[in-house]
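What follows is a single structure, written as structure tokens, with notes after it.
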Amino acid sequence: LIARCRESCHGPPTSVTVGAPSRADGRPHVQIDLGRAEPPHSLLGDAMTPPSGSTAAEAIRELAIPAQAFDPIEGVANSVRVKRVALGGDRKSGMEQFALGFFVVVPFLGLLAAIPVFWGWGLGWHDIVIAVVMYAIAGHGITIGYHRLFTHKSFKASRPLKIALAFAGGMAIEGPVVRWVADHRRHHAFSDKEGDPHSPWRFGTSLGALTKGLLYAHVGWIFDPEQTDATRYAPDLIADNDIVAVSRLFWLQVTTSLLLPALIGGLWSMSIAGAVTGFFWGALVRISLLHHVTWSINSICHAVGERPF
């Protein structure tokens, strides 16, 4: 608790009192006296300082996104012991780093190659339909599923819809749902401040620092081997057996995202050429385009404008 106060308030609480369990659920009563902690300082200065009415208590409540209904000690601890594989470990392995590089670079090369291909050969209305539909599926999986449903709990979904959105989000090849949500909740807790995993302002406000920060916020942060603590930022997902199962099947989501466009293109045209162009436009170009649209929110959209959120 003291560590969380330090992170969000830049200082320890005045006092922390832990009493004997007195509630029906058996959890101890905890009382925190925050005193008059100063609001966190922003890399952007006063422009990003919280409004005058903000308090340290409000800053701490931001870390509990969303509030959990299960026991934070027994429930999460047991889930972590059983389902650790769903989180991918505390550090990315060398193979994970290689795979990340492959899926960042190769689709981007495909996007660059699309220019001469577009003006020459290999683009038909079949390819356009496949690419648009695949983009819509993966894009809505990220925006509606990963972001609105799993990160912010903006609505309730039936079990089939929940599983479908989690699987569709994985087809964007931006990581398993548990890891993605943990990163994004941490981003909201420390937006453009120390602790934000992908702030373009992390190196400073000069032109050179911002240029470096934009590149890092756009794609560089993905290669940081240190992972966000999912047990802290996504315990609700770790406790969900369906979501853990989908996270474990991320390899299947990647495989489906890559091969389904080729399969549909080949069967639709009944030709090898249709499979090749379906893979090119529906997989490589579509994946790269969706990657850079998503990453632009982390980089460009956090560097333009003056109003703090």
Side-chain angles (χ1 to χ4, degrees), residues 96 98-150 155 157-177 179-180 218-219 222 242-243 245-301:
E96 284 183 287
F98 174 80
L100 279 171
F102 180 84
F103 285 115
V104 168
V105 174
V106 173
F108 182 68
L109 294 177
L111 183 60
L112 295 179
I115 298 175
V117 169
F118 179 80
W119 290 108
W121 61 275
L123 177 64
W125 67 272
H126 287 186
D127 305 310
I128 295 176
V129 171
I130 293 172
V132 169
V133 171
M134 291 296 296
Y135 185 97
I137 292 173
H140 283 90
I142 286 290
T143 56
I144 299 177
Y146 275 28
H147 189 216
R148 300 311 308 167
L149 175 59
F150 299 118
F155 63 95
S158 64
R159 186 186 181 198
L161 179 59
K162 175 186 69 173
I163 295 173
L165 286 173
F167 195 94
M171 291 175 62
I173 314 183
E174 296 183 12
V177 58
R179 182 181 298 168
W180 197 101
H218 193 77
V219 68
I222 298 175
D242 293 330
I243 298 302
V246 173
S247 286
R248 288 174 172 170
L249 292 174
F250 181 62
W251 64 269
L252 180 59
Q253 296 153 53
V254 172
T255 303
T256 302
S257 185
L258 290 173
L259 298 185
L260 187 58
L263 178 63
I264 295 175
L267 293 177
W268 198 346
S269 64
M270 296 303 294
S271 67
I272 299 297
V276 172
T277 57
F279 173 75
F280 182 82
W281 293 101
L284 295 184
V285 173
R286 180 261 310 174
I287 290 170
S288 183
L289 180 60
L290 183 55
H291 276 175
H292 290 280
V293 168
T294 304
W295 297 339
S296 293
I297 299 174
N298 300 338
S299 56
I300 298 172
C301 292

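Owing to the predicted nature of the structure, the values given are computational and were not obtained by experimental measurement.
- Taking the side chain as every heavy atom from C-beta outward, Asp127 and Phe280 never approach each other to under 4.5 Å.
- Closest approach of Glu174 to Phe250, counting heavy atoms only: N-CZ, 4.5 Å.
- The backbone N or O of Leu165 lies less than 3.5 Å from no partner atom in the side chain of His140, so there is not a single donor-acceptor pair.
- When all heavy atoms are compared, the tightest approach of Ser269 to Gly265 is OG-O, 2.8 Å.
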Check against side-chain contact (heavy atoms from CB on, under 4.5 Å), Phe167 and Leu252: CA-CA 9 Å; Phe167 195 94; Leu252 180 59; 4.1 Å; yes
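- For Ser257 (side chain) and Gln253 (main-chain N/O), no donor-acceptor pair under 3.5 Å exists by modelled atom type.
- In this structure, the side chain of Ser288 does not engage the main chain of Leu284 through any donor-acceptor pair within 3.5 Å.
- Here the closest heavy-atom approach between residue Gly282 and residue Pro261 is recorded as O-CG, 3.5 Å.
- Using modelled atom types, no side-chain atom of His126 and backbone atom of Ile264 make a donor-acceptor pair closer than 3.5 Å.
- Of all the heavy atoms in Ile142 and Gly169, the pair that sits closest is CD1-O, 3.6 Å.
- The line from CE of Met134 to CG of Leu260 is 5.0 Å long, rounded to the nearest 0.5 Å.
- For the atom pair CD1 of Ile130 and CH2 of Trp268, the computed distance is 6.0 Å after rounding to the nearest 0.5 Å.
- For the pair Lys162 and Ile243, the minimum side-chain heavy-atom distance is below 4.5 Å.
- Contact check for Ile173 versus His291: side-chain heavy atoms found under the 4.5 Å cut-off.
- One distance of note links CD1 of Ile222 with CG of Asn298; it measures 8.0 Å at 0.5 Å rounding.
- The structure places CD1 of Ile163 at 10.0 Å from CG of Leu161, a figure rounded to the nearest 0.5 Å.
- Going from atom CG of Leu290 over to atom CD1 of Ile287 covers 9.0 Å, rounded to the nearest 0.5 Å.
- Ring-plane geometry between Phe150 and Tyr146 is classed as perpendicular, the angle between the planes exceeding 60 degrees on a 0 to 90 degree scale with a lower cut at 30.
- One distance of note links NE2 of His292 with CD1 of Ile297; it measures 13.5 Å at 0.5 Å rounding.
- Proximity of a side-chain donor or acceptor of Arg148 to a complementary backbone N or O of Ile144 within less than 3.5 Å is not detected.
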